2 protein chains.
Amino acid sequence: MARRQATRHSTITDVADAAGVSIKTVSRVFNDEPNVRPLTRDRVLKAAADLDYHPNVAARSLAGRRSFLIGLAYENPSPNYVVDLQRGALERLHGERYRLLVLPFDDASAASGKMQAIARASGLDGMVLAPPLCDDPATVAELEACGLPYARIAPTSGGSHAPDVAMDDREAARAVVDHLVGLGHTRIGVVRGDPSHASAGARLEGYHAGLAAHGLAADPALEVQGAYTFVSGYEAGRALLALPDRPTAIFASNDDMAAGVINAAYEAGVSVPDQLSVVGFDDSNIASVVWPRLTTIHQPIRDMAREATSALLSLIDHEETVPHQMLPFQLVIRGSTGPVPA
Amino acid sequence: MARRQATRHSTITDVADAAGVSIKTVSRVFNDEPNVRPLTRDRVLKAAADLDYHPNVAARSLAGRRSFLIGLAYENPSPNYVVDLQRGALERLHGERYRLLVLPFDDASAASGKMQAIARASGLDGMVLAPPLCDDPATVAELEACGLPYARIAPTSGGSHAPDVAMDDREAARAVVDHLVGLGHTRIGVVRGDPSHASAGARLEGYHAGLAAHGLAADPALEVQGAYTFVSGYEAGRALLALPDRPTAIFASNDDMAAGVINAAYEAGVSVPDQLSVVGFDDSNIASVVWPRLTTIHQPIRDMAREATSALLSLIDHEETVPHQMLPFQLVIRGSTGPVPA
DNA sequence: TTGTAAGCGTTATCAC
DNA sequence: GTGATAACGCTTACAA
């Protein structure tokens with residue numbers, strides 16, 4: 001079986017010969033450069049079509065000193081999140097010459113110190129960094145040092161003038177509390193997220209701010225540590241429901257944990273939302289699969305990825321930088337929240 | 001802000017000069033070619049390390065006429081599935097010079113006829129095709145025509161001598177029926193999968209074979225068409241539960257539909273597994289998130305992707321082809337199945 | 001075991 | 001507007 005393509009592909013020279021022009025003119029046409037007479041242009045395009053010519057990527061990269069490859073680095077374990085991320089980036093890249101290389105890491109420490117090597121080994125033109133990787137100081141410093149253009153998604157750490165796209169986690173968490181208080185809840189528990197993700201802190205802050213805004217005191221007994229996983233949510237739910245004066249509503253810092261809380265309630269014979277309201281965060285696929293459907297914050301992951309990619313492209317192509325961008329969130333009210341039990 | 005790397009990267013010539021050898025020797029070292037004295041080798045490696053030399057990907061691709069890029073094409077909407085696929089492929093690629101380009105398609109028709117263009121535009125050395133794309137005749141024919149090496153994951157259509165890795169869907173569905181019959185069930189409903197996925201047919205066949213093996217007659221009323229989505233499973237579940245002589249067990253052809261069936265049961269006040277047993281297929285993340293946890297067939301997607309990638313690499317690198325490979329499945333018994341109600 | 005020379009197929013420079 | 005011609009950094013023959 002043939003290992004390489006059976007046919008010898010035609011090159012820029014073949015097209016130039018066929019069109020009766022120089023290779024430079026063909027190059028101009030394929031790079032949308034000015035100074036080509038429309039007639040010449042058409043002749044080149046026709047010759048190229050006849051010869052089924054496609055520019056050689058490697059040659060372009062070598063001569064142009066750019067690969068048209070961008071990397072998407074992440075260490076998030078949630079498939080929903082990852083796929084949304086990829087979709088957003090690919091959405092922006094569609095129709096461009098750029099291609100996407102996915103770079104998943106097991107954890108931030110696996111990425112630290114290897115970014116530059118990976119970028120060079122893969123020949124990347126730029127990189128999009130998703131949380132929590134984009135908050136890893138070592139990773140950012142390394143990228144900064146080697147001068148590779150990059151953009152960050154929902155970063156919470158500063159110290160970088162690279163473009164980034166974010167959502168206001170704090171404000172969103174406040175909106176969650178507003179919603180619950182509006183339903184009459186006053187004992188609102190919270191399952192905190194993995195502290196290594198900076199989002200966890202912002203969401204907790206918003207929770208506190210929301211309580212304060214309504215004149216409610218924060219009760220440390222109602223705050224349980226989670227880890228952004230289903231199981232940690234389940235355990236946190238059990239702990240909260242076992243409380244003597246248990247909460248009537250629980251705000252889980254992400255959907256996976258909210259699903260865990262609902263399972264804990266199911267097991268404990270506590271009906272959701274009649275006896276307990278549960279709110280998630282992210283609006284991942286899970287939110288629509290658990291029963292009842294999750295009231296949650298829709299985090300525009302896909303949009304953020306698209307915009308971050310866009311920012312990266314303008315950084316690479318035009319050296320223009322749109323430093324910060326804040327995308328709107330949305331509270332999606334579904335079946336898991338209801339009025340406080342009488 | 002600098003658009004390109006600030007520093008001028010060192011090249012093979014720099015390393016050759018520093019080590020006092022020719023560039024060919026440096027090339028030999030970096031390509032693990034024979035006929036390099038260990039001492040020379042060490043000298044080259046030292047010089048390379050001192051100069052922080054990394055071979056230029058584009059130059060290697062151009063001169064070597066290979067990109068070390070392989071594509072992973074799929075059109076599956078399930079994030080869990082997609083991420084498993086990617087993980088498997090990346091697992092095999094780890095430590096190799098190859099990089100992975102993800103190629104998601106909205107549907108098979110979007111892929112048909114564009115494969116060759118994509119492969120050339122991206123400069124791919126080969127392609128891994130996931131179902132149901134790998135069963136699209138036009139796509140396969142196109143790849144075959146342009147001579148691009150490819151491997152298929154769980155294909156069900158023939159007409160290709162490309163390597164593939166599969167699981168025995170039919171046998172697995174039989175095992176599901178065995179399990180249910182073993183629990184005493186005789187009225188076993190089925191939610192069929194999307195007929196455009198060939199797996200749907202194989203799973204249905206296995207269901208029928210299982211019934212026959214136990215001397216049970218197939219009842220058309222117990223067979224409802226689904227579409228591999230949560231909602232279609234939900235609707236199918238409602239239909240089956242509304243039957244006058246409703247089934248005591250339902251085999252959904254994938255996990256998403258099984259989750260839908262469970263929701264339908266929940267709504268209808270039918271307890272799972274006490275009054276109804278539900279089985280899924282795939283063992284996707286959803287299987288562990290719904291309540292009760294799903295009894296399902298663990299489909300080794302990740303392993304299949306890894307092995308398919310492996311087969312592709314040997315096809316590209318050694319022109320060796322390991323045509324077919326069958327990976328074992330596993331019936332994972334969780335909480336959604338139980339003895340037939342008395 | 002090592003080196004020389006000739007590409008690989010583009011883009012960049014600069015002249016016309 | 002268009003075209004020579006020189007890079008780009010490496011691999012592949014083929015010599016030595």
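Because only heavy atoms are used, hydrogens play no part in the values below, and waters and symmetry mates are left out as well, while side chains stay in. No experiment lies behind these values; they were computed from the predicted model shown. Here is the naming used below: chain letters follow the sequence lines, and residue numbers restart at 1 for every chain.
The two residues A/R120 and B/V57 make their nearest non-hydrogen contact at O-CG2, 3.7 Å.
Between A/S22 and D/dT2 there is no side-chain N or O to OP1 or OP2 distance below 4.0 Å.
A/E142 places a side-chain N or O within 3.5 Å of a backbone atom of A/M115 that can act as its donor or acceptor partner.
Between B/F30 and B/Y53, the distance from one ring center to the other falls under 6.0 angstrom.
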Check: protein-nucleotides 10-12 of chain C nitrogen or oxygen pairs below 3.5 Å:
{"residue": "C/dT10", "atom": "OP1", "partner": "A/Y53", "partner atom": "OH", "Å": "3.1"}
{"residue": "C/dT10", "atom": "OP1", "partner": "A/N56", "partner atom": "N", "Å": "3.2"}
{"residue": "C/dT10", "atom": "OP2", "partner": "A/I12", "partner atom": "N", "Å": "2.7"}
{"residue": "C/dT10", "atom": "O5'", "partner": "A/Y53", "partner atom": "OH", "Å": "3.1"}
{"residue": "C/dT11", "atom": "OP1", "partner": "A/N31", "partner atom": "OD1", "Å": "3.3"}
{"residue": "C/dT11", "atom": "OP1", "partner": "A/N31", "partner atom": "ND2", "Å": "3.0"}
{"residue": "C/dT11", "atom": "OP1", "partner": "A/R60", "partner atom": "NE", "Å": "2.9"}
{"residue": "C/dT11", "atom": "OP2", "partner": "A/S27", "partner atom": "OG", "Å": "2.6"}
{"residue": "C/dT11", "atom": "OP2", "partner": "A/N31", "partner atom": "ND2", "Å": "3.4"}
{"residue": "C/dA12", "atom": "N7", "partner": "A/K24", "partner atom": "NZ", "Å": "3.3"}

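Ion pairing of A/K46 with A/D42 is absent here, as no side-chain N (NZ or NE/NH1/NH2) approaches a carboxylate O to less than 4.0 Å. The pair A/D84-A/R306 fails the salt-bridge criterion, with no side-chain N (NZ, NE, NH1 or NH2) lying under 4.0 Å from an Asp/Glu carboxylate O.
Between A/N35 atom CG and C/dC14 atom C1' the separation is 14 Å, expressed in whole Å. Distance, B/F68 CZ to D/dC10 P: 14 Å, rounded to whole Å.
Residue contacts shown for A/V57 are absent, as no nucleic acid heavy atom lies under 4.0 Å away.
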Exercise answer: donor-acceptor pairs, residues 15-27 of chain B side-chain atoms, under 3.5 Å, sequence neighbours excluded:
{"residue": "B/S22", "atom": "OG", "partner": "B/K24", "partner atom": "N", "Å": "3.4"}
{"residue": "B/S22", "atom": "OG", "partner": "B/T25", "partner atom": "N", "Å": "3.4"}
{"residue": "B/S27", "atom": "OG", "partner": "B/N31", "partner atom": "ND2", "Å": "3.3"}

